[in-house]
Amino acid sequence: MNSKSALSDRYNAAEAEARWQRVWDERGIFATPNTHDKRKYYVLEMFPYPSGRIHMGHVRNYTMGDVVARVKRAMGFAVLHPMGWDAFGLPAENAAAERKIHPKAWTYDNIAAMKAQLKSMGLSLDWSREIATCDPAYYKHQQAMFLDFLQAGLVERRKSKVNWDPVDQTVLANEQVIEGRGWRSGALVEQRELTQWFFKITDYSQELLDALDTLERWPEKVRLMQKNWIGRSEGLLVRFALEPGTAPAAADELEVFTTRPDTLFGAKFLAVAPDHPLAAAAAKANSKLAAFIEECRHRGTSQAAIDTAEKMGCDTGIKARHPFDPSWQLPVFVANFILMDYGTGAIFGCPAHDQRDLDFVNKYGLGNVPVVCPPGQDPKTFVITDTAYDGDGTLINSRFLDGMTVPQAKEEFARRLEKESRSGRPVAQRQVNFRLRDWGISRQRYWGCPIPVIHCEKCGVVPVPKSDLPVTLPEDVSFDRPGNPLDRHPTWKHVRCPRCGGKATRETDTMDTFVDSSWYFIRFTDPWIETAPTDRKAADAWMPVDQYIGGIEHAILHLLYSRFFTRAMKKTGQVGLDEPFAGLFTQGMVVHETYRRADGEWASPAEVRIESSGDIRRATLISTGEPVEIGPPEKMSKSKRNTVDPDDIISDYGADVARWFMLSDSPPERDVEWSERGVRARAGFVQRLWRLVSEAAEIAKTAPAARPNDFSPRALAVRKATHQTLAKVTDDIEKLHFNVCLAAIHEFSSILSEVIGDIGADDGDRGKGGASGEAENYAADMAWAIREAINVLVQLFSPMMPHLAEECWAALGHKSLVAQAPWPHVEPDLLIEHTVTLPVQINGRKRADVTVAREAGKADIEAAVLALDAVKRALDGKSPKKVIIVPQRIVNVVA
RNA sequence: GCGGACGUGGCGAAAUGGUAGACGCAAGGGACUUAAAAUCCCUUAGGGGAAACCCUGUGCGGGUUCGAGUCCCGCCGUCCGCACCA
């Protein structure tokens, strides 16, 4: 081929990408005004924490969102696609302590670096709406909302148990307690009671649960995880009378929550949590019990501590009466496996039908009585030894319940106990319990949003007047000592009481950073308004987020908090809807092979050379030549050193190659494996597309302006491929099936290459026009079809590879930007084939094809099928038992 | 323990109950080149056959159906979430 024109030179990604990014920037085409007359579409990716550099996970996440944004824009929507920074958090303080940089400086440096990286990706973001949660202009509104929530009864201050690190002088999350010790200090963690601020998310337990059913465009998995997290269970609250004389004077009863009232005749003991008031009361006169409670208190609440903890208890000496038999006395224990903050902090133990209770009685010799007999078992011989039975069955050993099923017994028990009353109240009542806890938001940390309240010696807790907001963080702080620098600040902390003017101190705790990220998506709808957290009109117009994209790791916390926060904001009038995210997509991770040296040290991909001969791949360390073991792909992490820097990829291959790779091969919800050979292959495809467009552009130039009336079969085939691909890709993008889209685009580009090559070769064979492939060899209808095809092709990959697409679009002679071109329309006629080739199955196995007219009736098809050699052979002269014909789909002959 | 998802070539994968393996990677062969790179073409689930073609195949065992990777039942395996939750 003679391809010497300037267009067919190699595509220079580095040069072109910078150039087109400048053009988009200068023309401001991605800024979306709040006033418009289009349908709205809000696409959002979870905003990043400014850790310093973006990683490949960000590249994948933001590429997906950008494809959706660009396609929706082309389809005529007003698209809101903003970006911001989840900028408060502990790493900034750690950096300050380690490197003597102020958290603010560290954070803003990181933001600047990461913003430049995001820009180099060519994302179609509306940067005019950029927000950082550490900006007083943002957190001022968060403080105002805190005060609104406080007034609306959505915020509470109360004591709560926390993990306290006595050396670092801070509260630790459960994840930060390792084998009972602080992860940084190594100090033994204490259980402390601290007064904390809580958002009353449990007020919405039922609502948050019910509304999950309305979130049809959420992954089933996430909905289920939230459902389990909320953990609704229906049961019975039973009041056990305590035997006078055995119990402390003030205590005459114990409330117990149970979901299995049907097993109450199998009860062997009652138990309360170590921090239950009854335990404390009983311990006053019982030093052994007091020692046991003290021991429990020192146990961590971490997962490791719970897993290894043995079931232990201590008899209080108190006796409780069975609700149906005052003479039946049950011992009351304090047990380490009872949680104070679920139900009433007290249980009744039915060992035969609860494994945990069984372990407990076996240890303390209390015995067990089975009361539910499994189907098919003889009640007379049914015994429980080491394994509790928690299935269905028939009630036994249960007096008036005998013979009932489990649900019947539950109901009967509830009915009878509800009617019984003691001291004017029913002995039992039906109750719904939730696993969900209120959201404790107090953090003993500097780099967070200050909680806007003042503690006055006389007036107690006083909200900061709204006119005094924001309560800004003081900047003159040091991190040379552990603990919260706000707490030891000489001036910031000490204020006058806004109410009485007397001596007072500021709240020095800051808010959990999950608060910051619980409403940023609403702030994006109008980030400029200074007088209120939201402009109600803009918020209602843009919300909900139509497509939210992020990692599965936020399935519970961030997404549940945001759902609560939106409801709270609705209650205080900031927004008019309950559910913030109409569509949610959770993308998979980016993984990479791992490389391990003989001494066990990890090697990074950049340090390793891979050689392959046949199917065998071998890795060696570039510096020393020593062999390196290739391990399976794992999540990119610093510790395994299998990370790849997006900057390196973008400068070596270009953003388009990185974007294309992120969308290809793996379905977006699954992990994608990044590899050097993979990235090179995508870079090759970019060049192939560029060559194809260059060749096609020459042919397109010769095409008539007006659409020809008739198309040759070959030209028609090109047009059909064009429109069928267009229809498929459009449909698959809507479903976020990016990997399938890319396959269709690949296939279409191969078809086009082949058509262009074939025609050139044919004409060459005939000796016409000299060298093959010359543009003038193409008939007008074919040139027109190719021009249409190549334009559609460029538009189809433009959301994924926007820079290459602009370059191609310009090469095709367009003066406008492909980023602003309307999405092409499918011509439905071209999707319909006039003849169809049906697969012919014999006994369910494909044996032949038959080509018939699209409208052919069943009789015609059957005749054509029975005439086929393969069918005749299979029937061997007999007539078929049955012929199933699904018009336009398939034929199945049953021999 | 409870809940859920998944299991398809050497690999990533595709497939409204209707032609299993599209598309890509890797591999092998070839073209171009003095050579290399780049590029292009061909082959590539397994087995049989000179070929036409035939047989076997979506973790295992059953079932429904004219027809099952897909639906149902039971196993096995992998991954994920939750977990002293009464």
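Per chain, numbering begins at 1; letters A, B, ... match sequence-line order. The figures that follow rest on heavy atoms only: side chains count, while hydrogens, waters and symmetry mates do not.
When the C1' atom is compared between B:G61 and B:A68, the two are found 15 Å apart, to the nearest whole Å. Here, B:G9 and B:U70 have their P atoms 15 Å apart, quoted to the whole Å. Taking the C1' atom of each, B:C72 and B:C23 are spaced 33 Å apart, rounded to whole Å. B:A37 and B:A31: their C1' atoms are spaced 16 Å apart (whole Å). Separation of the P atoms belonging to B:A38 and B:G17 is 43 Å when rounded to the nearest angstrom. Nucleotides B:G10 and B:G59 have their P atoms positioned 13 Å apart, rounded to a whole Å. B:U44 sits 12 Å from B:A52 when the P atoms are compared, rounded to a whole Å. A gap of 13 Å separates the C1' atoms of B:G21 and B:C11, to the nearest Å.
OP1 or OP2 of B:C25 has not a single side-chain nitrogen or oxygen of A:Arg682 nearer than 4.0 Å. Put simply, A:Arg670 has a side-chain N or O that comes within less than 4.0 Å of OP1 or OP2 on B:A14. A close approach under 4.0 Å does not occur between any side-chain nitrogen or oxygen of A:Arg617 and OP1 or OP2 of B:A27. Proximity of A:Asn739 to the phosphate of B:A14: a side-chain N or O atom is located under 4.0 Å from OP1 or OP2. Distances shown here put a side-chain N or O of A:Arg356 below 4.0 Å from the OP1 or OP2 atom of B:C85.
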Worksheet entry | CA sep, side-chain torsions, deciding dist, call: A:Met801, A:Leu689, side chain to side chain contact (heavy atoms under 4.5 Å, CB included) | CA-CA 11 Å; A:Met801 299 196 283; A:Leu689 278 178; 3.6 Å; yes
Fill in: Check against side chain to side chain contact (heavy atoms under 4.5 Å, CB included), A:Ser749 and A:Glu754
CA-CA 9 Å; A:Ser749 73; A:Glu754 210 169 299; over 6 Å; no
Worksheet item: Stepwise, does the side chain to side chain contact (heavy atoms under 4.5 Å, CB included) test hold for A:Gln687 with A:Arg10?
Response: CA-CA 7 Å; A:Gln687 296 300 339; A:Arg10 280 181 75 79; 3.6 Å; yes
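Summarising the geometry, the separation between CD1 on A:Ile885 and P on B:G67 is reported as 16 Å, rounded to the nearest angstrom. A:Ile890 has its CD1 atom 12 Å from the P atom of B:G67, to the nearest Å. Rounded to whole Å, atom C1' of B:G3 lies 12 Å from atom CZ of A:Arg435. To the nearest angstrom, P of B:G24 lies 19 Å from CD of A:Glu673. Atom-to-atom, CD of A:Glu862 to C1' of B:C66 comes out at 13 Å; the value is rounded to the nearest Å. For the pair A:Glu676 CD and B:A26 P, the computed distance is 12 Å after rounding to whole Å. Per the geometry, CD belonging to A:Gln355 stands 15 Å off C1' belonging to B:A83, to the nearest Å. Atom NE2 of A:His737 is separated from atom P of B:A14 by 9 Å (rounded to the nearest Å).
Ring centroids of A:Phe269 and A:Tyr364 are separated by 6.0 Å or more, keeping the two rings apart. A:Phe413 and A:Phe265 have their aromatic ring centers within a separation under 6.0 angstrom. Ring centroids of A:Tyr653 and A:Phe661 are separated by 6.0 Å or more, keeping the two rings apart.
Contact annotation for A:Arg437: base contact, defined as any heavy-atom pair under 4.0 Å involving a base atom. Across all strands, A:Thr259 comes closer than 4.0 Å only to sugar-phosphate atoms, never to a base (heavy-atom distances). A:Leu339 comes within 4.0 angstrom of a base, heavy atoms only. A:Val886 comes within 4.0 angstrom of a base, heavy atoms only. Across all strands shown, A:Gln841 has heavy atoms under 4.0 Å from base atoms, whether or not it also approaches the sugar-phosphate. Using a 4.0 Å heavy-atom distance criterion, A:Ile338 is classed as a base contact. When heavy atoms are screened at a 4.0 angstrom cut-off, A:Arg677 is found touching the sugar-phosphate backbone but no base atom.
In this structure, B:G49 forms no base pair with any nucleotide, since neither Watson-Crick nor G-U wobble geometry is met with both distances under 3.5 Å. With a cut-off of 3.5 Å on both pairing distances, B:A13 has no Watson-Crick or G-U wobble partner at all. B:G74 is paired with B:C60 under the Watson-Crick or G-U wobble criterion, all donor-acceptor distances under 3.5 Å. Judged by Watson-Crick or G-U wobble contacts below 3.5 Å, the nucleotide B:G3 has B:C80 as its partner. Across all strands shown, B:U34 forms no Watson-Crick or G-U wobble pair with both key distances under 3.5 Å.
Ion pairing between a basic and an acidic side chain is recognised when a charged N comes within 4.0 Å of a carboxylate O; A:Arg435 and A:Asp341 show no such pairing.
Listed for the A:Arg563 side chain is a donor-acceptor partner under 3.5 Å among the backbone atoms of A:Leu208.
Listed nucleotides: B:A13, B:C84, B:G18. Nearest to the side chain of A:Ser666: B:A13. Nearest nucleotide to the A:Lys311 side chain, out of B:G4, B:C84, B:U39: B:C84. The listed nucleotides are B:C84, B:G3, B:C25; the one nearest the side chain of A:Asn228 is B:G3. Comparing B:U19, B:G24, B:A83 by their closest approach to the side chain of A:Asp665 singles out B:G24. Here the nucleotide nearest the side chain of A:Leu224, chosen from B:A22, B:G3, B:C40, is B:G3. Closest approach to the A:Arg10 side chain among B:A38, B:G18, B:A83 is made by B:A38 (side chain taken as heavy atoms from C-beta onward). Which of B:A86, B:C40, B:A15 sits closest to the side chain of A:Phe257 comes down to B:A86.
If A:Ala744 and A:Ser233 are placed on RNA chain B by their nearest nucleotide, the residue sitting closer to the 5' end is A:Ala744. Judged by closest nucleotide on RNA chain B, A:Asp732 is the one of A:Gly678 and A:Asp732 placed further toward the 5' end.
Checked by distance alone, A:Arg889 brings a side-chain donor or acceptor within 3.5 Å of a matching partner on the base of B:U16. At a cut-off of 3.5 angstrom, the base of B:C66 holds at least one donor-acceptor pair with the side chain of A:Asn892. For A:Lys882 and B:C66, a side-chain-to-base donor-acceptor distance below 3.5 Å is absent, hydrogens and geometry of angles not being considered.
In B:G9 the base sits syn relative to the sugar, since the glycosidic angle is no further than 90° from 0.
Taking every heavy atom of both residues into account, A:Lys268 and A:Leu366 meet most closely at CD-O, 3.4 Å.
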